[in-house]
Amino acid sequence: MTAPSVREKRRETRRPAAGAVRVSFSNPQPLEIHGRLLDLSASGFRMAHGCTSLVAGQVVQFTHVEAAGWAQVMWNRIVEDRVETGFLVVER
């Protein structure tokens with residue numbers, strides 16, 4: 001028996017990326033998270049970091065090697081010893 005095929009649901013192609021990422025927000029105190037860029041698409045990015053304070057729906061200020069602006073947290077997942085977070089860019 002073969003495994004069912006999984007259909008790709010992404011609207012945009014992701015491409016691998018590397019470099020530093022910084023996100024900041026107030027919750028209620030100002031907090032800055034430094035991480036590593038994993039991939040990019042036309043409207044978002046994914047980063048690896050060590051902070052569990054980000055929540056889906058939260059809007060943060062960001063900067064990485066290719067862009068800066070504001071992004072919304074779309075999802076988080078724990079992978080081994082790190083957190084991965086996907087962001088939708090809402091303003092560049």
Which value, rounded to the nearest 0.5 Å, describes the distance between Phe87 atom CZ and Asn76 atom CG? 7.5 Å
If every non-hydrogen atom of Ala68 is compared with every non-hydrogen atom of Thr63, which pair is closest and at what distance? CB-OG1, 3.9 Å
Which is it for Gln72 and Val89 under the side chain to side chain contact (heavy atoms under 4.5 Å, CB included) test, yes or no, and what are the steps along the way? CA-CA 6 Å; Gln72 183 176 16; Val89 175; over 6 Å; no
Does anything in residues 40-61 form a side chain to side chain donor-acceptor pair (under 3.5 Å)? List the pairs, not counting sequence neighbours. Glu12-Ser41, Glu12-Ser43, Asp39-Arg46, Arg46-Glu84, His49-Thr85
Any salt bridge (charged side-chain N to carboxylate O under 4.0 Å, His left out) involving residues 17-34? Give me the pairs, sequence neighbours left out, ordered by first then second residue. Arg22-Glu32
Mutual orientation of the aromatic rings belonging to Phe62 and Phe45 [parallel < 30°, tilted 30-60°, perpendicular > 60°]: tilted
Any idea which heavy atoms bring Arg36 and Val21 closest together, and the distance? C-CG2, 4.0 Å
Minimum heavy-atom separation for Ala48 and Arg82, please, with both atom names. CB-CD, 3.6 Å
Val59 to Phe25 - nearest heavy-atom pair and separation: O-CB, 4.3 Å
Which heavy atom in Val55 sits nearest to a heavy atom in Val73, and how many Å separate them? O-CB, 3.3 Å
Kindly work out whether a path of hydrophobic side-chain contacts (I/L/V/M/F/W/Y, heavy atoms less than 4.5 Å apart) joins Leu54 to Leu31. yes
Determine whether Val23 and Trp70 satisfy the following criterion, side chain to side chain contact (heavy atoms under 4.5 Å, CB included), listing intermediate values before the conclusion. CA-CA 9 Å; Val23 298; Trp70 294 88; over 6 Å; no
Please collect all salt bridge (charged side-chain N to carboxylate O under 4.0 Å, His left out) contacts where either partner lies in residues 59-76, sequence neighbours excluded, each pair once. Arg15-Glu66
May I ask whether Val90 and Met74 are part of the same hydrophobic cluster, defined by side-chain heavy atoms of I, L, V, M, F, W, Y residues being less than 4.5 angstrom apart, directly or through others? no
Nearest heavy-atom pair of Val83 and Cys51: which atoms, and what distance? CG2-O, 3.6 Å
